[in-house]
Amino acid sequence: MPELPEVETTVRGLTPVLDGQRLSSVVTRRGDLRRPFPAELAQRMTGATVTGLRRRAKYGLIDTDRGDTMIFHLGMSGRWRVDPDELLTHDHLVIETDAGRRLALNDARRFGSVDLVPTVEVADWPAFRALGPEPLGPDFTAKHLEQALAGRIASIKQMLLDQRIVAGLGNIYVCEALYEARIRPSKPAGQVARVKLARLVECVHLVLNAAIEAGGSTLRDYARPDGELGYFSKQFKVYGREGLPCECGGVVARYVEGGRSTFWCPKCQK
DNA sequence: ATGCCAACCTGACTGC
DNA sequence: TGCAGTCAGGTTGGCA
């Protein structure tokens with residue numbers, strides 16, 4: 001269930017397997033995910049040595065000594081399986097290293113993507129150029145939000161899901177952060193007071209850091225690359241808790257907007 | 001420009 | 001046991 005904490009956890013899990021390693025084999029097992037795999041992907045990656053792994057928003061980046069960066073997005077259902085005993089139906093990309101390790105990119109719904117970009121052009125890659133600041137970076141501030149949200153009548157929930165405003169939040173952590181900040185998700189973004197925005201920034205940090213620390217959360221089948229499950233889902237205060245009690249004594253409610261569920265407490269989120 | 005929504009695809013779960 | 005209906009972490013393109 002890849003939002004930022006899950007991608008961060010994934011990159012951290014892949015690093016000891018890939019960093020500094022030569023890739024003996026990179027094979028695609030079908031032609032596409034959301035988009036076609038780059039035609040030259042297997043050829044460019046096979047034989048290359050990984051020089052580093054990074055994360056930007058919900059994307060994972062694998063740099064190689066050939067000047068390429070492989071950029072993956074896990075979509076809704078993507079995950080990397082580490083040293084699988086056998087390949088499964090939805091293992092669409094398989095990487096093997098000289099050290100004998102094997103990774104399989106598994107993505108049943110195929111909303112994910114894999115791209116190959118010259119490392120020096122990564123910052124200018126179209127999908128990255130449009131992204132807002134990292135929510136855990138120095139540019140995600142109350143001032144930034146105030147400027148970005150000024151005059152906007154769309155809900156604060158919708159705006160936080162917009163990767164151009166802030167890059168890496170998804171449905172779960174937006175719900176949780178708005179809860180922690182005690183902000184009503186449907187509130188028009190431009191009408192959220194500055195002090196509330198400052199609190200929101202702190203709550204985004206709080207929620208993301210807790211999730212990363214817990215190793216990423218899990219809904220159905222998310223697994224860390226090393227196979228351990230994340231446990232942050234047990235700490236959700238509102239997400240997936242419709243009808244259950246809020247800590248304030250209220251009852252968690254749900255509404256659907258843009259086809260997506262929002263969970264919140266009408267009693268304590270104003 | 002902004003806001004809204006359907007579409008992409010499969011699997012898991014619920015209720016009959 | 002089976003089948004139909006509903007829902008799911010994200011992104012994008014099209015329409016008003």
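Proteins get letters first, then strands, A, B, ... in listed order; numbering begins at 1 in each.
- Among residue pairs with one or both ends in residues 179-209 of chain A, none qualify as ring-ring contact (aromatic ring centres under 6.0 Å, His included); sequence neighbours excluded.
- Regarding A:Met76, its CE atom lies at a distance of 17 Å from the P atom of C:dT6, rounded to whole Å.
- DNA chain B lies under 4.0 Å from no heavy atom of any residue of residues 160-171 of chain A.
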Every protein N/O within reach of nucleotides 13-16 of chain C N/O, cut-off under 3.5 Å:
none

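- A:Ser113 comes within 4.0 angstrom of no nucleic acid atom, judged by non-hydrogen atoms across all strands.
- Between the side chains of A:Thr51 and A:Asp65, no donor-acceptor pair is found at a separation under 3.5 Å.
- Residues that satisfy the salt bridge (charged side-chain N to carboxylate O under 4.0 Å, His left out) test with A:Asp98, not counting sequence neighbours, are A:Arg22.
- Nearest to the side-chain atoms of A:Arg152 among the listed nucleotides C:dA8, B:dT2, C:dT11 stands B:dT2.
- If you take CH2 of A:Trp125 and P of C:dT11, they are 11 Å apart, rounded to a whole angstrom.
- Atom CG in A:Asp107 sits about 13 Å away from atom C1' in C:dA8, given to the nearest Å.
- Residue A:Leu33 contributes atom CG, which lies 14 Å from atom P of C:dT11 at whole-angstrom precision.
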What is the per-nucleotide protein-contact pattern of nucleotides 4-10 of chain B, from the 5' end, where B denotes a base atom under 4.0 Å from a protein heavy atom, S denotes such proximity for sugar-phosphate atoms only, and - denotes neither? -S--BBB

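- With no hydrogens or angles considered, no side-chain donor-acceptor pair links A:Arg66 and A:Thr64 at under 3.5 Å.
- When heavy atoms are screened at a 4.0 angstrom cut-off, A:Arg254 is found touching the sugar-phosphate backbone but no base atom.
- Evaluation of the side chain to side chain contact (heavy atoms under 4.5 Å, CB included) rule for A:Val26 yields A:Leu23, A:Met45, A:Thr46, A:Leu93, A:Ile95 as partners, not counting sequence neighbours.
- Remark: the separation of the P atoms in C:dC3 and B:dC9 is 24 Å, to the nearest Å.
- The closest donor-acceptor contact from the side chain of A:His92 to the backbone of A:Asp107 lies under 3.5 Å.
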Can you run through DNA chain C from 5' to 3' and write each base as (, ), [, ], | or . depending on how it pairs? Watson-Crick or G-U wobble, both distances under 3.5 Å. .|||||||.|||||||

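- Annotation for A:Val94: hydrophobic cluster partners, listed by chain and number, are A:Leu87 (ILVMFWY side-chain heavy atoms under 4.5 Å, direct or chained).
- Residues passing the ring-ring contact (aromatic ring centres under 6.0 Å, His included) test with A:Phe128 are A:Tyr59, A:Trp125, sequence neighbours excluded.
- Checking A:Glu242 against A:Tyr255 by side-chain atom types alone, no donor-acceptor pair falls below 3.5 Å.
- Within the structure, every pair that satisfies the salt bridge (Lys or Arg N to Asp or Glu O under 4.0 Å) test and touches residues 145-165 of chain A, not counting sequence neighbours, is listed here: A:Glu146-A:Arg194, A:Asp162-A:Arg164.
- The pair A:Lys237-A:Glu180 meets the salt-bridge criterion, with a side-chain N (NZ, NE, NH1 or NH2) lying under 4.0 Å from an Asp/Glu carboxylate O.
- Take A:Val256 and apply the side chain to side chain contact (heavy atoms under 4.5 Å, CB included) test, not counting sequence neighbours, and it matches A:Arg254, A:Ser261.
- Applying the ring-ring contact (aromatic ring centres under 6.0 Å, His included) test to residues at least two apart or on different chains, none of the pairs has a partner in residues 147-168 of chain A.
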